[in-house]
Amino acid sequence: MSEPLIQRLRGFKDLFGEEAAVFAHLESVARDVFRSFDYEEIRVPALEEKSLFSRALGTETDVVQKEMYEFVDRSEAHVALRPEGTAGVVRAYIENSLDKTLGHAKLFYMGPMFRSERPQAGRLRQFHQIGVEQLGTHSPYADAETILCLTTYLERLGIKGYKLKLNNLGTFEERKALKEKLVEFFASRLKKFCPDCQRRFEKNVFRLLDCKQQECRKAVREADWIVPGKPLVDAGIGAASFGHFQEACDALRSVNMPFEIDPFMVRGLDYYTKTVFEATHPGLGSQDALAAGGRYDNLIETFGGASDGAVGFALGVERLALCTRFAKNAEKSPPLMIVTMGEDAFRLGFVLLNALRRLGVPSTMELKGRSLKSQLRVAERKNCRYVVLIGDEEIQRKVFVLKDMRATDEEGRQVEYDLEALMNKFLELYRNHYLPEQLSPDFLAADVAAETKKD
Ligand code: HAM
């Protein structure tokens with residue numbers, strides 16, 4: 001009797017087919033956009049020392065207290081799967097002396113993150129983030145540039161209808177004063193809050209401000225010194241970071257980027273200082289945060305680097321995929337298929353396939369030697385736009401038949417080309433595809449020409 005099938009863990013997903021294609025599309029557009037903003041890629045490990053995260057994110061945060069996948073490994077080291085990307089990037093920046101060699105570094109990353117949360121729509125235990133971090137700068141323009149990098153990316157993907165919210169959480173010093181004010185105000189009103197908030201009050205009073213429960217939202221708004229439309233730190237503590245935030249907002253206004261200021265938006269991670277922001281999308285339901293980020297001016301120093309500022313954001317790729325309209329247009333399959341009949345045709349087809357792929361034309365071919373009918377069926381299933389037909393007769397006449405599967409008129413449907421004309425036709429059809437500089441189509445055609453000349 002066979003063993004029962006081992007199934008994937010709850011909150012973990014297999015990605016394949018259309019969804020994998022959408023992910024690849026999102027990643028490739030991210031690389032394009034981030035490079036145009038002068039960021040370069042960094043890949044950091046998925047497993048780190050546990051203390052990296054507890055020190056960076058805060059020992060009392062939900063992520064560290066309840067959600068980290070942590071264990072003691074075989075060498076007795078306390079390790080954790082990364083719940084987010086920022087801490088690892090800061091560690092790598094310092095450990096590899098990028099603070100000394102690059103000074104100001106602009107890095108982007110993408111990959112899986114792990115949080116043991118209760119899975120629901122848009123919330124997984126292994127999820128993916130795409131993020132950027134700009135390290136070694138205090139400029140408020142860096143805050144604005146980071147936000148514009150996010151919005152340009154969303155624009156390039158055709159995502160509309162999202163809302164951009166900003167807040168100023170102030171410096172650690174300013175937050176101390178603010179914390180006292182909040183504690184004093186809410187202490188006598190604690191009964192009005194949900195049990196979670198009553199617990200949070202002890203550990204992090206700021207989290208009361210963004211609780212989604214109706215009763216808590218109402219109770220929080222009794223603090224009429226927190227003014228909607230004005231940043232939180234303005235709330236009566238005369239914050240010096242006011243100017244920084246103002247400049248970042250002005251930079252956004254100078255390029256007509258719309259945003260709201262929401263004093264109730266606080267973040268779940270402790271490292272933030274001054275500007276924080278969040279992009280939400282109404283299509284996402286209760287987990288509506290599509291991307292989030294902000295400034296973290298103390299983190300580099302905490303890990304032994306210079307006393308320098310930094311700012312970044314991360315997007316949830318699963319959530320991004322949910323609100324992309326373009327999912328249908330993502331390149332799902334190679335648009336060109338080579339269909340062959342007979343052994344000589346198969347061999348020639350294989351050489352042509354290799355030439356096309358080196359030209360950057362996405363193409364495929366059945367390598368199992370199936371019948372003409374079933375090869376065409378595969379082309380249809382893969383939704384291939386073009387089919388190149390090669391049979392004995394075509395080899396003798398040194399022609400290739402190009403079939404346009406979407407042409408409506410008989411004439412346009414099937415056209416014969418000689419090798420040179422075929423290569424030119426491909427270049428015309430796929431001119432936007434990658435063509436390696438050092439490879440000319442003539443050079444590639446030579447392989448195919450040599451094969452066609454064999455008798
Ligand atoms: P975060 O707000 O914890 O920030 O996560 C960023 C985004 O990751 C969220 O807005 C959401 O789209 C996605 N996300 C988080 N948890 C899950 C989950 N369980 N399932 C699916 N998606 C999820 C950070 O991680 C910071 N490191 C962002 C940052 C970068 N701040 C500065 N630089």
Side-chain angles (χ1 to χ4, degrees), residues 9-13 15 23 26 34 39 42 44 48 52-53 56-58 61-64 66-69 81-91 93 105-135 137 142-143 145-147 149-150 153-154 159 162-167 169 207 210 265-281 283-300 309-324:
L9 300 171
R10 211 169 146 242
F12 288 70
K13 260 185 88 170
L15 278 172
F23 267 55
L26 297 172
F34 297 169
Y39 284 91
I42 184 162
V44 293
E48 298 263 13
L52 174 75
F53 302 113
L57 316 187
T61 53
D62 283 354
V63 176
V64 170
K66 302 191 234 160
E67 296 166 4
M68 276 213 296
Y69 281 95
L81 282 169
R82 61 179 180 192
E84 58 99 63
T86 311
V89 171
V90 172
R91 181 204 45 71
Y93 172 74
K106 293 174 75 176
L107 305 166
F108 73 83
Y109 54 92
M110 43 190 76
M113 308 290 159
F114 305 85
R115 294 184 194 176
S116 178
E117 298 186 80
R118 194 172 52 78
Q120 62 181 86
R123 190 157 80 190
L124 287 132
R125 291 181 168 171
Q126 177 177 327
F127 60 100
H128 296 77
Q129 280 188 347
I130 294 180
V132 309
E133 312 293 348
Q134 188 166 167
L135 305 126
T137 172
D143 306 18
E145 189 197 38
T146 303
I147 293 170
C149 180
L150 167 65
Y153 176 49
L154 295 177
I159 294 174
Y162 64 87
K163 203 195 263 177
L164 183 63
K165 288 187 289 187
L166 269 67
N167 194 10
L169 296 183
R207 294 313 311 263
D210 71 352
M265 184 193 56
V266 291
R267 309 281 313 121
L269 310 172
D270 282 357
Y271 53 57
Y272 289 114
T273 52
K274 299 184 184 167
T275 315
V276 288
F277 56 91
E278 200 172 85
T280 54
H281 198 286
L284 291 175
S286 63
Q287 301 300 315
D288 66 350
L290 179 57
R295 183 162 271 289
Y296 45 96
D297 285 346
N298 298 63
L299 203 51
I300 299 178
V311 54
F313 72 77
L315 285 134
V317 185
E318 283 76 8
R319 296 187 191 175
L320 192 57
L322 277 176
C323 48
T324 42

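It should be emphasised that the depicted structure is a prediction, and the values quoted were computed from it without experimental measurement. In each ligand, atom 1 is the first atom listed, and ligand 1 is the first ligand listed.
- Shown are Q126, H128, R82; of these, the side chain to side chain contact (heavy atoms under 4.5 Å, CB included) with M113 is made only by R82.
- Taking the side-chain contact (heavy atoms from CB on, under 4.5 Å) definition, one finds that L322 meets it with L284, sequence neighbours left out.
- For ligand 1, the 4.0 Å heavy-atom shell contains residues E84, T86, Y109, R115, E117, G122, R123, L124, F127, Q129, E133, R267, L269, Y271, Y272, A289, L290, A291, A292, G293, G294, Y296, G312, F313, A314, G316, R319.
- Taking D297 as the reference, H138, T273, K274, R295 meet the side-chain contact (heavy atoms from CB on, under 4.5 Å) condition, with sequence neighbours excluded.
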Mind listing the side-chain donor-acceptor pairs of residues 309-316 below 3.5 Å, one per line with the distance, residues two or more places apart or on another chain?
none

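- Taking the six-membered ring where the residue is Trp, the centroids of F34 and F108 are separated by under 6.0 Å.
- Under the 3.5 Å distance criterion, the side-chain polar atoms of R125 are left unmatched by any main-chain donor or acceptor of P119.
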